[in-house]
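Let me begin by presenting the structure, written as structure tokens, before commenting on it.
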Amino acid sequence: TLGLAAVALSLGFAGATQAQQLPQGYFYLTTNWMEGRGMTLEGNDGRGGAFMTAKTNASGQLWKAVQAPDGYIYLTTMFKERQGLVLEGGDGNGSSILAPKGYYSGQMWKVVPAGNGYFYLTTAFKERQGLVLEGWDGTRPAHMARKGNFTGQLWKAVPHNPQPAARPQYRPVRTDCSAGFGICNRR
């Protein structure tokens with residue numbers, strides 16, 4: 001996977017594909033506003049909007065960029081990628097949701113560098129109108145809003161680096177029962 005420094009560097013190369021501008025594999029999406037509070041974007045099952053929630057390592061919080069037509073990307077979660085659901089930005093009047101993947105301009109995302117490792121996310125459907133994805137504090141779903149210098153619109157991709165499972169610690173088995181301790185563990 002790419003480190004954060006490599007992500008920041010790749011955001012400056014115009015020739016990089018959209019998928020190359022994000023970490024390979026799974027990553028968290030957080031905003032400048034919410035990263036200090038430990039919140040990340042979570043994609044649900046399509047019945048409601050994607051929303052900011054406390055980072056818990058849930059599979060709905062682990063995003064993946066998949067190459068889409070015309071140089072764009074689809075954004076899906078580990079939770080719903082096998083079902084073919086991707087993030088759909090919407091028209092600016094409602095929530096961004098996970099929906100069945102298709103050749104829809106509202107599902108094809110573009111990463112727009114904003115500096116300092118942050119970026120805007122816009123869709124082919126709304127980029128000409130200047131709308132970008134905005135994440136709230138968890139009280140409202142993410143949605144498309146007029147692009148501005150707002151911390152809820154400045155996104156950062158944080159690579160998911162799962163920690164190796166802890167090795168169980170074994171206690172030595174006492175096999176000497178002649179010491180008179182009253183407890184004897186035999187193999």
Side-chain angles (χ1 to χ4, degrees), residues 1-46 50-89 96-127 132-135 142 144 151-166:
T1 59
L2 294 173
L4 289 178
V7 172
L9 286 174
S10 70
L11 290 175
F13 291 99
T17 66
Q18 294 297 310
Q20 290 171 330
Q21 294 185 50
L22 295 171
Q24 293 178 356
Y26 296 103
F27 52 87
Y28 297 96
L29 283 172
T30 188
T31 63
N32 179 269
W33 183 28
M34 290 290 115
E35 72 179 311
R37 298 178 188 178
M39 296 185 82
T40 186
L41 186 67
E42 184 166 338
N44 61 14
D45 62 5
F51 52 94
M52 299 298 289
T53 186
K55 183 178 169 185
T56 63
N57 208 25
S59 60
Q61 297 175 346
L62 298 173
W63 294 88
K64 184 180 189 181
V66 179
Q67 196 64 49
D70 304 322
Y72 292 92
I73 57 170
Y74 293 114
L75 291 170
T76 188
T77 65
M78 178 188 280
F79 181 52
K80 290 297 178 176
E81 72 179 308
R82 286 187 179 171
Q83 294 166 345
L85 298 181
V86 297
L87 186 64
E88 184 166 324
S96 297
I97 62 169
L98 288 180
K101 181 172 74 172
Y103 187 72
Y104 304 116
S105 59
Q107 296 178 349
M108 294 188 279
W109 293 89
K110 183 178 189 179
V111 176
V112 180
N116 296 322
Y118 293 97
F119 51 87
Y120 294 100
L121 286 169
T122 189
T123 63
F125 182 50
K126 290 297 176 179
E127 69 181 308
V132 296
L133 186 65
E134 182 169 87
M144 301 299 284
T151 56
Q153 296 177 352
L154 297 170
W155 293 91
K156 181 184 276 187
V158 180
H160 172 64
N161 296 317
Q163 299 297 318

Indicate the atoms forming the closest heavy-atom contact of [X] with [Y], along with that distance.
X: T122; Y: E127; answer: OG1-CA, 3.3 Å
X: L154; Y: A114; answer: CD2-CB, 3.6 Å
X: G89; Y: M144; answer: O-CG, 3.1 Å
X: A68; Y: M108; answer: CB-CG, 4.1 Å
X: K80; Y: T76; answer: C-OG1, 4.1 Å
X: A65; Y: L22; answer: CB-CD1, 3.8 Å

Has the side chain of [X] got a donor or acceptor atom that lies under 3.5 Å from a matching backbone atom of [Y]?
X: E134; Y: A142; value: no
X: W155; Y: L133; value: yes
X: Q107; Y: G102; value: yes
X: S105; Y: A124; value: no

Query - Listed partners of K64 passing side-chain hydrogen bond (donor to acceptor under 3.5 Å, both in side chains), at least two apart - result: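 E81.
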Side chains of [X] and [Y]: closer than 4.5 Å at any heavy-atom pair?
X: Y74; Y: P69; answer: yes
X: F119; Y: V112; answer: no
X: K156; Y: E35; answer: yes

Report task. Mind checking ring-ring contact (aromatic ring centres under 6.0 Å, His included) for Y28 and listing every partner two or more places apart, or none if nothing turns up? Result ->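 Listed in chain order: H160.
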Query raised in the report: Hey, what do you get for CG (N57) to CG (L62), rounding to the nearest 0.5 Å?
Result: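 N57 CG to L62 CG: 5.5 Å, rounded to 0.5 Å.
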Query raised in the report: Which residues pass the side-chain contact (heavy atoms from CB on, under 4.5 Å) test with A54, sequence neighbours left out?
Result: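 A54: no side-chain contact (heavy atoms from CB on, under 4.5 Å) contacts found.
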Query raised in the report: Side chains of Y26 and N161: is there a donor and an acceptor less than 3.5 Å apart?
Result: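 Short answer, no.
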